[in-house]
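Structure, as structure tokens:
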Amino acid sequence: MLDPTPRGETCEGADSEGWLTAVINPLDGVLLRPHVDPARRIGCCRPDGVAGANLMCVRCGVEVGMEIADCWTEFDIRLLLPKVVQDTSNPPAEDSQS
């Protein structure tokens with residue numbers, strides 16, 4: 001699912017395509033780690049995503065997404081599409097139920 005207006009990010013001066021996010025299940029964020037700046041992880045009970053990107057890539061340390069999981073928000077991870085690279089080296093197996 002795509003979310004055209006991620007929280008905490010402003011779209012002024014940017015094209016709309018550059019700000020799309022991909023919404024994923026938090027259990028699928030295995031190569032993500034919390035941001036090193038505690039101010040990015042604010043929220044009542046858990047991060048709410050209002051402060052912008054609060055997840056970083058485990059491998060390279062780039063800000064790649066937002067965990068939105070506070071008591072008053074939905075519970076998901078939104079990857080910033082301009083910041084992530086799709087790994088196509090190991091494509092998923094085709095469904096054999098055809």
Side-chain angles (χ1 to χ4, degrees):
M1 176 171 37
L2 295 179
D3 176 18
T5 52
R7 297 175 186 220
E9 301 287 339
T10 60
C11 294
E12 294 178 30
D15 63 345
S16 60
E17 292 178 45
W19 295 96
L20 286 177
T21 62
V23 180
I24 66 170
N25 183 311
L27 298 175
D28 293 329
V30 294
L31 292 177
L32 303 175
R33 65 176 170 89
H35 202 286
V36 293
D37 180 2
R40 296 288 188 93
R41 306 278 306 161
I42 60 172
C44 175
C45 303
R46 292 185 50 100
D48 59 15
V50 173
N54 59 20
L55 293 173
M56 301 174 78
C57 175
V58 169
R59 293 181 177 159
C60 67
V62 172
E63 296 176 347
V64 293
M66 293 170 282
E67 177 184 10
I68 301 173
D70 208 355
C71 58
W72 61 274
T73 66
E74 58 275 355
F75 187 51
D76 58 39
I77 289 178
R78 298 173 190 218
L79 298 176
L80 302 172
L81 292 182
K83 305 267 183 146
V84 297
V85 177
Q86 182 178 359
D87 182 3
T88 58
S89 63
N90 205 4
E94 295 205 16
D95 189 6
S96 61
Q97 297 177 355
S98 302

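The analysis underlying the following values was restricted to heavy atoms, covering all of them including side chains, and did not include hydrogens, waters or symmetry mates.
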* Please name all residues satisfying salt bridge (charged side-chain N to carboxylate O under 4.0 Å, His left out) with Asp70, sequence neighbours left out, ordered by chain then number. =>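 Asp70: no salt bridge (charged side-chain N to carboxylate O under 4.0 Å, His left out) contacts found.
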Side-chain donor-acceptor pairs under 3.5 Å in residues 61-68, sequence neighbours left out?
unit_1	atom_1	unit_2	atom_2	d
Glu63	OE2	His35	NE2	2.7
Glu63	OE2	Arg40	NH1	2.9
Glu63	OE2	Arg40	NH2	3.3
Glu67	OE1	Arg41	NH1	3.3
Glu67	OE1	Arg41	NH2	3.0
Glu67	OE2	Arg46	NH2	2.4

* Asked: Does a side-chain heavy-atom distance below 4.5 Å link Leu79 with Ile24?
  ->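 They are in contact (side-chain heavy atoms under 4.5 Å apart), so the answer is yes.
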* Evaluate the side-chain proximity of Leu80 to Thr21: yes if any heavy-atom separation is below 4.5 Å, no if none is. =>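 In contact.
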* Asked: When hydrophobic residues are tied together by side-chain contacts of less than 4.5 Å, even through go-betweens, does Val23 share a cluster with Phe75?
  ->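 No; Phe75 is not reachable from Val23 via cluster members.
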Check [X] against [Y] and note the closest heavy-atom contact, atom names and distance.
X: Gly29; Y: Ile77; value: CA-CD1, 4.3 Å
X: Asn25; Y: Leu27; value: OD1-N, 2.7 Å
X: Ala39; Y: Ala51; value: O-CB, 3.6 Å

* To do: Measure the spacing between CG of Asn54 and CG of Asp48 and express it to the nearest 0.5 Å.
  =>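 Interatomic distance, Asn54 CG to Asp48 CG, rounded to 0.5 Å: 8.5 Å.
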* Any chance you could pull the hydrophobic cluster mates of Met56, using side-chain heavy atoms under 4.5 angstrom and chaining through other members? =>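 Under the 4.5 Å side-chain rule, Met56 groups with Val36.
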* Asked: So which residues get pulled into Leu31's cluster when ILVMFWY side chains under 4.5 Å apart are joined, directly or through others?
  ->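 Members besides Leu31, by chain and number: Val30.
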* Sequence neighbours excluded - salt bridge (charged side-chain N to carboxylate O under 4.0 Å, His left out) pairs with any residue from residues 21-36 ->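 Not a single pair qualifies under salt bridge (charged side-chain N to carboxylate O under 4.0 Å, His left out).
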